[in-house]
Number of protein chains: 2
Amino acid sequence: MKAVENSKTRGPLLSERLTTSGLRLTRQREQVYRVLLQKRDHPTADEVFLRAKRQMPDISLATVYNCLDALVQCGLVRHVHPGRGGSRFCPNMREHCHFYCEACGGVFDIDWPADHGGVPMPKGFEAKRYEIAIRGVCPDCGARPGHGAPPG
Amino acid sequence: MKAVENSKTRGPLLSERLTTSGLRLTRQREQVYRVLLQKRDHPTADEVFLRAKRQMPDISLATVYNCLDALVQCGLVRHVHPGRGGSRFCPNMREHCHFYCEACGGVFDIDWPADHGGVPMPKGFEAKRYEIAIRGVCPDCGARPGHGAPPG
DNA sequence: TTTCTAATTGGAATTATTCTAGGTTTTGAC
DNA sequence: GTCAAAACCTAGAATAATTCCAATTAGAAA
């Protein structure tokens with residue numbers, strides 16, 4: 001029986017996007033993409049590595065970096081730059097912002113209203129991508145008195 | 001004669017801001033701030049270190065990191081996160097965006113129109129700071145055919 | 001001036017990422 | 001199918017950015 005082509009991670013999307021970008025579909029790339037789709041908590045490369053290893057013990061960290069790179073290149077994944085503690089990865093390709101909680105370090109997707117209008121560019125600047133970061137306190141930490149800092 | 005209190009870098013601003021945040025005014029902090037004001041090209045910590053050393057040969061890299069941290073803490077400097085190659089620092093505290101040229105790596109301040117309206121936060125999220133990054137090609141690189149990539 | 005504490009220093013340690021070299025898999029031409 | 005070329009994967013080394021640490025120095029309040 002042939003592999004189901006529209007399962008969550010093996011769908012035509014991944015294969016298509018890769019080949020369109022001149023890249024190949026490999027088990028490792030599937031696995032890395034699957035990991036990202038499974039738990040959308042903006043993991044770091046290292047976290048992706050640990051999760052991917054559970055199903056594919058021989059995958060290497062270098063490969064995870066390469067796969068993430070490939071996925072970013074073919075437009076299925078965003079490379080997110082929180083500023084502290086390494087970059088993170090996000091398979092949500094809709095236009096959105098990232099909210100960084102200063103208390104717990106969590107990263108959240110926030111919708112970006114379609115009517116934002118953009119920022120007018122000075123002459124000569126060619127804008128390709130916008131990335132909006134919002135820093136503050138998330139609902140959980142806001143509700144806690146200590147703002148996430150462990151007591152004692 | 002007393003030191004002039006409103007010279008570019010020794011002005012009341014630095015001293016005041018530091019003490020308000022419970023920090024002390026030190027020669028090193030002055031020097032680091034002076035370096036940032038002198039050439040507003042969004043240097044990395046290492047670049048700040050090299051520039052600061054010219055006038056203050058004994059300053060250490062660890063101190064530069066500490067000083068930058070202090071300046072950020074007291075609201076005189078922004079910590080900028082380009083995503084590649086280390087964070088950068090910006091003494092422009094007006095509301096503005098950062099444009100990252102993908103060809104030459106340059107960082108440019110772009111005005112942010114006052115009427116942006118902000119992004120509506122979901123219930124419970126408390127936004128403290130917005131950071132808008134724009135990636136693309138700067139005027140100089142756009143004018144060059146190779147887009148900044150060295151030929152050959 | 002004394003005293004207290006924050007800040008500085010150099011170097012070691014840590015963390016995140018990239019590089020390198022060699023082995024493996026995939027693809028496409030025959 | 002077979003073969004060669006190209007792309008890919010892997011482990012471990014190397015590099016880059018940042019933080020940590022223990023000992024000294026220097027602001028600033030009394």
Side-chain angles (χ1 to χ4, degrees), chain A residues 3 10 14-33 35 42-50 52-53 55-74 77 79-89 105 107, chain B residues 2-3 10 12 14-35 42-50 52-53 55-74 76-77 79-89 105 107:
Chain A
R10 213 200 165 88
L14 176 56
S15 164
E16 227 173 79
R17 287 298 191 91
L18 284 169
T19 50
T20 300
S21 301
L23 300 164
R24 292 177 183 168
L25 178 63
T26 68
R27 290 190 313 120
Q28 289 84 353
R29 285 171 184 174
E30 281 181 49
Q31 173 68 1
V32 166
Y33 191 41
V35 161
H42 306 81
T44 61
D46 202 65
E47 284 162 351
V48 172
F49 174 54
L50 292 174
K53 270 220 287 209
Q55 306 247 48
M56 190 180 273
D58 289 340
I59 197 171
S60 81
L61 178 57
T63 296
V64 169
Y65 273 101
N66 290 339
C67 291
L68 288 169
D69 224 53
L71 294 170
V72 169
Q73 239 182 86
C74 74
V77 166
H79 195 159
V80 182
H81 310 291
R84 288 238 161 174
S87 19
R88 294 171 173 276
F89 297 87
V107 183
Chain B
K2 274 197 79 182
R10 215 200 163 88
L14 176 56
S15 162
E16 229 172 79
R17 287 297 190 93
L18 284 169
T19 51
T20 300
S21 301
L23 301 164
R24 292 176 183 171
L25 176 64
T26 67
R27 289 190 314 122
Q28 289 84 351
R29 286 172 181 172
E30 281 182 50
Q31 173 69 1
V32 165
Y33 191 42
R34 186 181 302 127
V35 161
H42 305 83
T44 62
D46 203 65
E47 285 163 349
V48 173
F49 174 53
L50 292 174
K53 271 221 287 209
Q55 306 248 48
M56 190 180 272
D58 289 341
I59 196 171
S60 80
L61 179 56
T63 297
V64 168
Y65 273 101
N66 290 339
C67 291
L68 288 169
D69 225 54
L71 293 171
V72 169
Q73 240 183 83
C74 73
L76 285 174
V77 166
H79 195 161
V80 181
H81 310 291
R84 288 234 163 179
S87 20
R88 294 172 173 275
F89 297 86
V107 183

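When reading the values below, keep in mind they use all heavy atoms of this one structure, side chains included, and skip hydrogens, waters and symmetry mates. Nothing here was measured: the structure is a model prediction, and the numbers come from that model. The chains referred to below are lettered A, B, ... by the order of the sequence lines, with proteins before strands, and numbering in each begins at 1.
Under the ring-ring contact (aromatic ring centres under 6.0 Å, His included) criterion, B/His79 pairs with B/His81, B/Phe89, sequence neighbours left out. For B/Phe49, the side chain to side chain contact (heavy atoms under 4.5 Å, CB included) test picks out B/Asp46, B/Lys53, B/Ile59, B/Leu61, B/Val64, with sequence neighbours left out. A search for side chain to side chain contact (heavy atoms under 4.5 Å, CB included) contacts involving A/Pro43 returns A/Leu36, A/Asp41, A/Glu47, A/Val48, A/Arg51, not counting sequence neighbours. In this view, A/Ser21 and A/Leu23, A/Cys74 satisfy the side chain to side chain contact (heavy atoms under 4.5 Å, CB included) rule, not counting sequence neighbours.
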- Dot-bracket line, read 5' to 3' along DNA chain C, where crossing pairs take [ ] and | marks a partner on another strand, Watson-Crick or G-U under 3.5 Å: ||||||||||||||||||||||||||||||
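The shortest side-chain heavy-atom distance between B/Leu14 and B/Leu71 falls under the 4.5 Å cut-off.
If you take CG of B/Asp69 and P of D/dA17, they are 17 Å apart, rounded to a whole angstrom. The separation between B/Lys53 atom NZ and C/dT8 atom C1' is 15 Å, rounded to whole Å. Between the CD atom of B/Glu47 and the P atom of D/dT18 there is a distance of 11 Å, rounded to whole Å. The interatomic distance linking A/Asp46 (CG) with C/dT18 (C1') rounds to 15 Å, in whole Å. Atom CG in B/Leu68 sits about 14 Å away from atom P in D/dA17, given to the nearest Å. Atoms CZ (A/Arg84) and C1' (D/dC20) sit 13 Å apart, rounded to a whole Å.
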Below 3.5 Å between N/O atoms, which protein atoms pair up with nucleotides 6-13 of chain D? Just atom names and distances, please.
residue: D/dA7; atom: O4'; partner: A/Arg24; partner atom: NH1; Å: 3.3
residue: D/dA7; atom: O4'; partner: A/Arg24; partner atom: NH2; Å: 3.2
residue: D/dC8; atom: OP1; partner: A/Arg24; partner atom: N; Å: 2.9
residue: D/dC8; atom: OP1; partner: A/Arg29; partner atom: NH1; Å: 2.9
residue: D/dC9; atom: OP1; partner: A/Thr26; partner atom: OG1; Å: 2.8
residue: D/dC9; atom: OP1; partner: A/Gln28; partner atom: OE1; Å: 3.4
residue: D/dC9; atom: O3'; partner: A/Gln28; partner atom: NE2; Å: 3.1
residue: D/dT10; atom: OP1; partner: A/Asp58; partner atom: O; Å: 3.1
residue: D/dT10; atom: OP2; partner: A/Ser60; partner atom: N; Å: 3.3
residue: D/dT10; atom: OP2; partner: A/Thr63; partner atom: OG1; Å: 2.5

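When all heavy atoms are compared, the tightest approach of A/Gln31 to A/Ala52 is NE2-O, 3.1 Å. For the residue pair A/Thr44 and A/Gly85, the shortest heavy atom distance occurs at CG2-O, 4.0 Å.
With A/Leu18 as the partner, the side chain to side chain contact (heavy atoms under 4.5 Å, CB included) test is satisfied by one option alone out of A/Arg29, A/Gln73, A/Glu30: A/Arg29.
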- For the pair B/Val32 and B/Leu68, evaluate side-chain contact (heavy atoms from CB on, under 4.5 Å) and give the outcome as yes or no after the intermediate values. CA-CA 7 Å; B/Val32 165; B/Leu68 288 169; 3.7 Å; yes
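Looking at heavy-atom distances under 4.0 Å, A/Arg88 makes no contact with the nucleic acid at all. Within the nucleic acid shown, B/Thr44 has no heavy atom closer than 4.0 Å to any nucleic acid atom.
Nearest-nucleotide positions on DNA chain D for B/Tyr65 and B/Thr19 put B/Tyr65 closer to the 5' end.
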